[in-house]
Amino acid sequence: MAIIVNLDVMLAKRKMRSNELAQLIGITEQNLSILKTGKAKAIRLTTLEAICKHLNCQPGDLLEYKDE
Amino acid sequence: MENEDLMRIQRVSRRFRLLFSALVVILPLLSLIYWLGFNHFPQEFVPLPIRVEAELSLLARLLGFVISMLPIGVVIAAMYILAKLFNLYEKGIVFASPTVKCFRQLGWVLMFWVLASLLYLPMLSGVVTSVNPPGQRLIAAQLGLSDFVILLMGAIVVLISWVMDEARKLEEEQAHTV
């Protein structure tokens with residue numbers, strides 16, 4: 001997919017673990033893994049909002065477009 | 001899907017899987033028993049609209065069994081696919097590629113069944129009346145409204161499999177929406 005999710009980069013920058021974030025935003029670790037591995041087909045705005053809130057970042061920090 | 005609904009589907013599917021799995025074994029066995037004991041069964045048991053005047057030789061009975069395996073083979077294939085489908089439902093796999101494939105195969109099997117039935121009657125009538133006196137040997141053929149209905153049903157099931165494939169895509173998208 002041309003959209004790259006840089007969640008693992010942001011997690012590393014904030015020194016936060018995946019399971020910790022999953023718990024904070026109220027989604028399963030499995031779903032967070034779908035997002036991290038780029039298997040996600042869509043992301044809810046509420047999920048994006050919660051991630052941005054807890055990682056203290058902008059959606060643009062998490063999502064990147066690369067022309068394939 | 002509600003957990004309780006899914007559990008009910010799984011419970012019923014298990015029973016159907018067992019039934020269809022058993023039929024896959026039972027049907028050819030029943031057919032073999034029928035053809036081996038053909039000469040001992042009353043005329044009403046003959047699955048043809050014709051009379052068999054004399055006893056059939058072992059070769060004729062074996063040929064009868066082989067020919068009757070044409071439509072029965074198609075029915076067995078249908079039972080096997082149904083057993084596979086209910087096995088998937090039993091595991092809670094409802095809208096997935098393998099279930100869609102089962103539906104598509106079922107549609108084709110229905111259409112093949114009409115073809116097998118068309119071949120079955122002329123071939124079988126030729127074999128079982130080969131023992132009749134000259135002038136009473138027959139080759140029968142039959143094409144009825146029911147054949148067209150089954151053909152139509154097969155095409156509809158294939159169409160339903162396409163619709164199910166769309167449902168599969170939706171479920172897949174839903175599963176990958178975070």
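What you are looking at is a predicted structure, and each value in this text was computed from that prediction instead of being measured. Throughout, protein chains are lettered first and strands after them, A, B, ... in sequence-line order, and every chain is numbered starting at 1. Worth knowing before you read on, the calculation uses all heavy atoms, side chains too, and leaves out hydrogens, waters and symmetry mates.
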dist B:Q174:CD -> A:K41:NZ (nearest 0.5 Å) comes out at 12.5 Å

Determine yes or no for a side-chain-to-main-chain donor-acceptor pair under 3.5 angstrom, with B:T177 supplying the side chain and A:I43 the backbone.
no

Return yes when atom CG of B:L29 has more than 12 non-hydrogen atoms of other residues, nucleotides or ligands closer than 6.0 Å, and no otherwise.
yes

For the student: nearest non-hydrogen atoms of B:V178 and A:T47, plus distance
O-OG1, 3.1 Å

Going hydrophobic residue to hydrophobic residue with side-chain gaps under 4.5 angstrom, can you get from B:V109 over to B:L115?
yes

Is it the case that one hydrophobic cluster holds both B:V74 and B:Y34, taking links as side-chain heavy atoms less than 4.5 Å apart, direct or via other members?
yes

Within 6.0 Å of CD in A:E64, more than 12 heavy atoms from elsewhere
yes

